[in-house]
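Each chain gets a letter, A, B and so on, in the order the sequences are listed, and its residues count up from 1.
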2 protein chains.
Amino acid sequence: MVQTGPNPSSGENLLFLTDEQLRKGIEAMFFAYRGFTADPDRILEEYGYGRAHHRALHFINRSHGTTVNNLLNTLGVTKQSLNRVLRGLIADGLVVARVGRTDRRERNLFLTEAGQELERKLAEAQRVRMRAAYRAAGPQAVAGFRQVLEAMMDDDIRHTYNALKDGR
Amino acid sequence: MVQTGPNPSSGENLLFLTDEQLRKGIEAMFFAYRGFTADPDRILEEYGYGRAHHRALHFINRSHGTTVNNLLNTLGVTKQSLNRVLRGLIADGLVVARVGRTDRRERNLFLTEAGQELERKLAEAQRVRMRAAYRAAGPQAVAGFRQVLEAMMDDDIRHTYNALKDGR
DNA sequence: AATGTTATGTCAGCCTTGTTGACATTCCAA
DNA sequence: TTGGAATGTCAACAAGGCTGACATAACATT
């Protein structure tokens with residue numbers, strides 16, 4: 001163990017790395033993530049969908065025409081798991097899978113009008129909370145928030161995130 | 001919709017509230033949470049446990065002698081779901097449930113030596129990543145990180161979080 | 001042309017972890 | 001004594017992960 005406990009007498013540790021500080025961050029992540037997903041979850045329930053559907057809709061919207069394999073890597077799930085979700089979305093007419101032009105083995109995924117509508121609804125619900133949190137915390141806090149989150153990602157996912165971040 | 005899109009010409013929006021900015025935050029939360037849980041998940045797999053077990057161990061450790069109902073509220077799951085997890089942990093000798101002293105209907109939950117050992121292992125794995133992220137981002141970023149996360153929580157959960165935050 | 005590889009889909013089965021509903025027990029409190 | 005609260009337990013179900021196996025089509029290589 002690098003550091004066995006907090007250092008109560010020091011008041012404020014200059015390195016911000018006491019176990020106490022880290023624990024607060026860990027708990028904040030846990031509780032905040034619940035809030036983060038709460039609003040979309042309520043909407044999804046009305047449609048009989050789950051978080052997996054939300055994620056698929058989000059990233060198809062982000063990258064129109066993305067392939068199944070691409071989506072698989074972004075989401076970090078198996079093709080069987082994703083396929084189950086996609087089948088539902090395609091059956092309900094929210095997503096279309098078009099045979100690839102250059103490589104006809106690939107399927108390019110797109111949102112239909114209905115798919116875009118639900119995606120917008122989910123995204124806006126999530127943005128409302130995010131916006132409120134950003135507004136409450138202020139611009140400087142937001143910058144720090146993003147810095148820490150980015151540093152917390154696995155390396156390979158950070159690449160995906162960055163590629164996505166700046167215009168596909 | 002409050003704001004329909006980014007404002008590319010402005011370069012840096014003073015309010016930090018464009019949909020583009022919000023979307024980056026949303027994706028950062030999604031990817032970062034994966035990293036956040038990745039290390040404990042690997043350890044849990046060795047023990048045949050899941051994230052639910054980790055959460056139970058964490059909060060029992062945080063509040064020695066907490067009741068089942070307390071834990072229920074903190075974790076935000078049903079008693080049946082928690083009970084299944086607790087049964088496993090008790091059967092494996094990581095947790096003990098003692099009949100309450102003042103109210104004998106209640107069960108006070110404690111970690112055994114073995115339970116504390118696993119909890120420490122999980123917590124340290126999670127702290128390693130957190131510590132690295134904090135160090136990379138710097139103290140000011142960490143403060144902002146926590147501010148935004150706290151603002152993102154549901155009100156009732158923020159109370160739980162704050163009560164937990166400053167020594168039970 | 002034959003062979004290998006890749007992308008995708010699908011079936012079956014399993015696990016964790018969430019849910020609801022029903023019911024029993026214990027025991028505090030009015 | 002009785003009502004209600006806290007807890008536990010059983011059953012059933014669903015979402016959404018997983019693995020393994022297999023099929024098909026299309027591209028790539030030899």
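Summary of the strand contacts: B:Lys79 and B:Val85 both lie near DNA chain C, and taking for each the nucleotide with the nearest heavy atom, the more 5' one is attributed to B:Val85. A residue-by-residue look at A:Thr102 and B:Glu106 shows that B:Glu106 has its nearest nucleotide of DNA chain D further toward the 5' end.
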### From CA spacing to verdict: salt bridge (Lys or Arg N to Asp or Glu O under 4.0 Å), B:Glu27, A:Arg146
CA-CA 10 Å; B:Glu27 289 176 354; A:Arg146 285 254 302 277; over 6 Å; no
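Evaluation of the salt bridge (charged side-chain N to carboxylate O under 4.0 Å, His left out) rule for A:Arg107 yields no partner, not counting sequence neighbours.
A side-chain contact (heavy atoms from CB on, under 4.5 Å) with B:Leu122 holds for exactly one of B:His54, B:His53, B:Glu117; it is B:His54.
The two residues B:Arg127 and B:Arg120 come nearest to each other via the heavy atoms NH2-O, 4.5 Å.
A:Gln80 contributes no side-chain N or O that forms a donor-acceptor pair with the base of D:dG16 under 3.5 Å. For C:dT6, the base has a donor-acceptor partner in the side chain of A:Arg105 [N/O atoms by modelled type, under 3.5 angstrom].
Atom CG of A:Leu75 and atom P of D:dG17 are 8 Å apart (whole Å). For the pair A:Leu89 CG and D:dA15 P, the computed distance is 13 Å after rounding to whole Å. Look at CG on B:Leu72: it is 16 Å from P on C:dT17, rounded to the nearest Å. Atom CZ in B:Arg87 sits about 8 Å away from atom C1' in D:dG8, given to the nearest Å. B:Arg107 has its CZ atom 10 Å from the P atom of C:dT26, to the nearest Å. Distance CG (B:Asp103) to P (C:dC28): 6 Å, rounded to an integer number of Å. A:Arg84 has its CZ atom 12 Å from the C1' atom of D:dT19, to the nearest Å. Counting to the nearest Å, the C1' atom of C:dA12 and the CG atom of A:Asn83 are 14 Å from each other.
Across all strands shown, A:Gly76 has heavy atoms under 4.0 Å from sugar-phosphate atoms exclusively, and none from any base.
Less than 4.0 Å separates DNA chain D from no heavy atom of any residue of residues 34-60 of chain B.
Aromatic ring pairs are classed by plane angle as parallel below 30°, tilted from 30° to 60° and perpendicular above 60°; the pair A:Tyr33 and A:Phe36 is tilted.
At the phosphate of C:dT19, OP1 or OP2 sits under 4.0 Å from a side-chain N or O atom of B:Thr78. Here B:Asn69 reaches the OP1 or OP2 of D:dT7: one of its side-chain N or O atoms lies under 4.0 Å away. Taking side-chain N and O atoms only, A:Arg104 has a distance below 4.0 Å to OP1 or OP2 of D:dA26.
Interatomic distance, CE of A:Met153 versus CZ of B:Arg34, reported as 10.0 Å (0.5 Å rounding).
No side-chain N or O of B:Asp92 forms a donor-acceptor pair with one of B:Tyr47 less than 3.5 Å apart.
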